Amino acid sequence: MGQTGGWIPYQKGANAGSIGVFEEVINRISNISGIPFKSVNFPPKRAEKALLSGLVDFDFMCLEWFTNGIDESKFVVTEPIFQISEMFVVKKATQHNLTSPHSYFGKDIGTIAGYFYLNDNKFNRIDFLNEQQVILGLKNDRFGVAILEREVARHWAKVHDVDIDFPLVHTTGLIRLRLRIENLIHLKKINEAIITIRKNGDLRDILNKHALTSHIPNENDE
């Protein structure tokens, strides 16, 4: 998934031409499991349609994004890989009153078209094509609050010289692979590979390379 202006450093690296965290993780899983993977980059709406239609077999997701969970008749999920946090993002110079988990209800919120957001029926989505455009919308006062992953927001705020703040966490969750149900036969090997890279330092090396300090479940278990 993703496109120019998107989920850096996860879908693409911060440096031009470099691959992102997700592709590096998939490459390590493939090497350990022996299962060949091919990464593709689609805009969010197209990516979801491609997964539902079977054009692609998996995506990266957090269960915490789905208010009603996933459809277990169509998908299975893997072991958790690492933790990420979606944050409410504001300009530091802007007054806001986001002080509690429900204080954003009814507000206009900058979001990404095609992305899932917890409780998105309780606020007014102002959808853009990608994260870069959301930061520019915030900079130009199209809205006062956005929801973005913390490191992605920091990247684009730096690129466009926007002084941002994170007044409130929207969701914190664990990144996993969501597989179409017909790929259940591969789940055991994929899970074994995920556990291996969590414990042998490979995953931490990937995150460090991209300047991420994310929590890794059971990282130091023997």
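Residue indices begin at 1 and follow the sequence shown. What you see is a predicted model, and the numbers here were worked out from it, not measured in a lab. Every heavy atom of this structure was used, including side-chain atoms; hydrogens, water molecules and symmetry mates were not.
Between Val90 and Pro167 the shortest heavy-atom distance is CG2-CD, 3.9 Å. Scanning all heavy atoms of the two residues, the minimum distance from Arg198 to Pro217 falls at NE-O, 3.1 Å. Closest of all the heavy-atom pairs between Arg125 and Ile112 is NH2-O, 2.8 Å. Scanning all heavy atoms of the two residues, the minimum distance from Ala157 to Ile164 falls at CB-CD1, 3.6 Å. The minimum heavy-atom distance between Ile81 and Ile216, with the atom names listed, is O-CG2, 3.8 Å. The minimum heavy-atom distance linking Ser103 with Leu168 is given by the pair OG-CD2, 4.2 Å.
Annotation: cation-pi geometry not satisfied between Arg178 and Phe60 (NZ/CZ under 6.0 angstrom from ring centroid, within 45° of ring axis).
Glu86 and Thr171 form a side-chain donor-acceptor contact under 3.5 Å, judged by distance and modelled atom types alone. For the residue pair Gln132 / His155, no side-chain donor-acceptor distance below 3.5 Å is found, with atom types taken as modelled.
The CD atom of Glu48 lies 6.5 Å from the CG atom of Asp59; values are rounded to the nearest 0.5 Å. Rounding to the nearest 0.5 angstrom, the gap separating the CG atom in Leu148 from the OG atom in Ser85 is 13.0 Å. Distance check: Ile109 CD1 to Leu138 CG gives 10.5 Å after rounding to the nearest 0.5 Å. Separating the NZ atom in Lys91 from the CG atom in Asn140 is a distance of 7.5 Å, to the nearest 0.5 Å. Rounding to the nearest 0.5 angstrom, the gap separating the CG atom in Asp57 from the CG atom in Asn183 is 4.5 Å. Once rounded to the nearest 0.5 Å, the distance linking CG of Asn208 with CG of Leu203 reads 9.5 Å.
Proximity of a side-chain donor or acceptor of Ser33 to a complementary backbone N or O of Ile29 within less than 3.5 Å is detected. No donor-acceptor distance shorter than 3.5 angstrom exists from the side chain of Lys74 to the backbone of Ile181, with no hydrogens or angles considered. Between the Thr78 side chain and the Leu177 main chain, a donor and an acceptor come within less than 3.5 Å of each other. With His170 contributing its side chain and Leu118 its backbone, the two residues share a donor-acceptor pair below 3.5 Å. Under a 3.5 Å cut-off, the side chain of Asn130 and the backbone N or O of Gln133 do form a donor-acceptor pair. Counting only distance, with no hydrogens or angles, the side chain of Asn124 and the backbone of Gly106 share a donor-acceptor pair below 3.5 Å.
Transitive grouping of hydrophobic side chains (ILVMFWY, heavy atoms separated by less than 4.5 Å) brings Trp7 and Phe166 into a common cluster. Phe75 and Leu187 end up in the same hydrophobic cluster when Ile, Leu, Val, Met, Phe, Trp and Tyr side chains are linked at under 4.5 Å. Hydrophobic clustering (ILVMFWY, side-chain heavy atoms < 4.5 Å, transitive): Ile195 and Ile35 are in distinct clusters. Hydrophobic clustering (side-chain heavy atoms under 4.5 Å, transitive across Ile, Leu, Val, Met, Phe, Trp, Tyr) keeps Val145 apart from Leu136. Cluster membership check: Leu174 does not share its hydrophobic cluster with Val77, using side-chain heavy-atom separations under 4.5 Å among Ile, Leu, Val, Met, Phe, Trp and Tyr.
Within 6.0 Å of CZ on Arg142 lie no more than 12 heavy atoms contributed by other residues, nucleotides or ligands.
A salt bridge is defined here as a Lys NZ or Arg NE, NH1 or NH2 lying under 4.0 Å from an Asp or Glu carboxylate O, and Asp202 with Arg28 meets this definition. The residues Glu23 and Lys12 are annotated as not salt-bridged, no charged nitrogen and carboxylate oxygen being separated by less than 4.0 angstrom.
At a threshold of 4.5 Å between non-hydrogen side-chain atoms, the residues Glu219 and Lys199 do not count as touching. Residues Ile8 and Val152 are not in side-chain contact: their nearest non-hydrogen atoms beyond the backbone lie 4.5 Å or more apart. Taking the side chain as every heavy atom from C-beta outward, Ile126 and Phe128 approach each other to under 4.5 Å. You'll find the side chain of Ile190 reaches within 4.5 Å of the side chain of Phe37, heavy atoms only. Between Phe58 and Arg180 the shortest side-chain heavy-atom distance does not fall below 4.5 Å. With contacts defined as side-chain heavy-atom distances shorter than 4.5 Å, the pair Asn27/Ile19 qualifies.
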- Query: Going through the distances and angles, do Val25 and Ile206 end up as a side-chain contact (heavy atoms from CB on, under 4.5 Å)?
  - Reply: CA-CA 8 Å; Val25 167; Ile206 292 170; 4.1 Å; yes

- salt bridge (charged side-chain N to carboxylate O under 4.0 Å, His left out) between Glu79 and Arg176: does it pass, once the steps are laid out? CA-CA 6 Å; Glu79 281 275 324; Arg176 304 169 187 261; over 6 Å; no

- Item | Evaluation steps, side-chain contact (heavy atoms from CB on, under 4.5 Å), between Glu151 and Leu212 | CA-CA 8 Å; Glu151 300 304 325; Leu212 301 176; 3.3 Å; yes

- Task: Go through Asp108 and Phe123 one step at a time and tell me if the side-chain contact (heavy atoms from CB on, under 4.5 Å) criterion holds.
- Result: CA-CA 6 Å; Asp108 290 342; Phe123 58 85; over 6 Å; no

- Message: For Glu192 and Lys189: C-alpha separation, side-chain torsions, deciding distance, then whether salt bridge (charged side-chain N to carboxylate O under 4.0 Å, His left out) applies.
- Response: CA-CA 5 Å; Glu192 289 172 349; Lys189 283 188 175 181; over 6 Å; no

- Show your reasoning for whether side-chain contact (heavy atoms from CB on, under 4.5 Å) applies to Leu179 and Leu184. CA-CA 7 Å; Leu179 308 174; Leu184 178 62; over 6 Å; no

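In this structure, Phe88 and Tyr104 have tilted ring planes: the angle between them lies in the 30° to 60° band. Ring pair Tyr10/Phe82 is parallel by interplanar angle, where below 30° counts as parallel and above 60° as perpendicular. Aromatic ring pairs are classed by plane angle as parallel below 30°, tilted from 30° to 60° and perpendicular above 60°; the pair Tyr117 and Tyr115 is tilted.
No option in Arg154, Lys158, His160 other than His160 meets the side-chain contact (heavy atoms from CB on, under 4.5 Å) test with Trp156.
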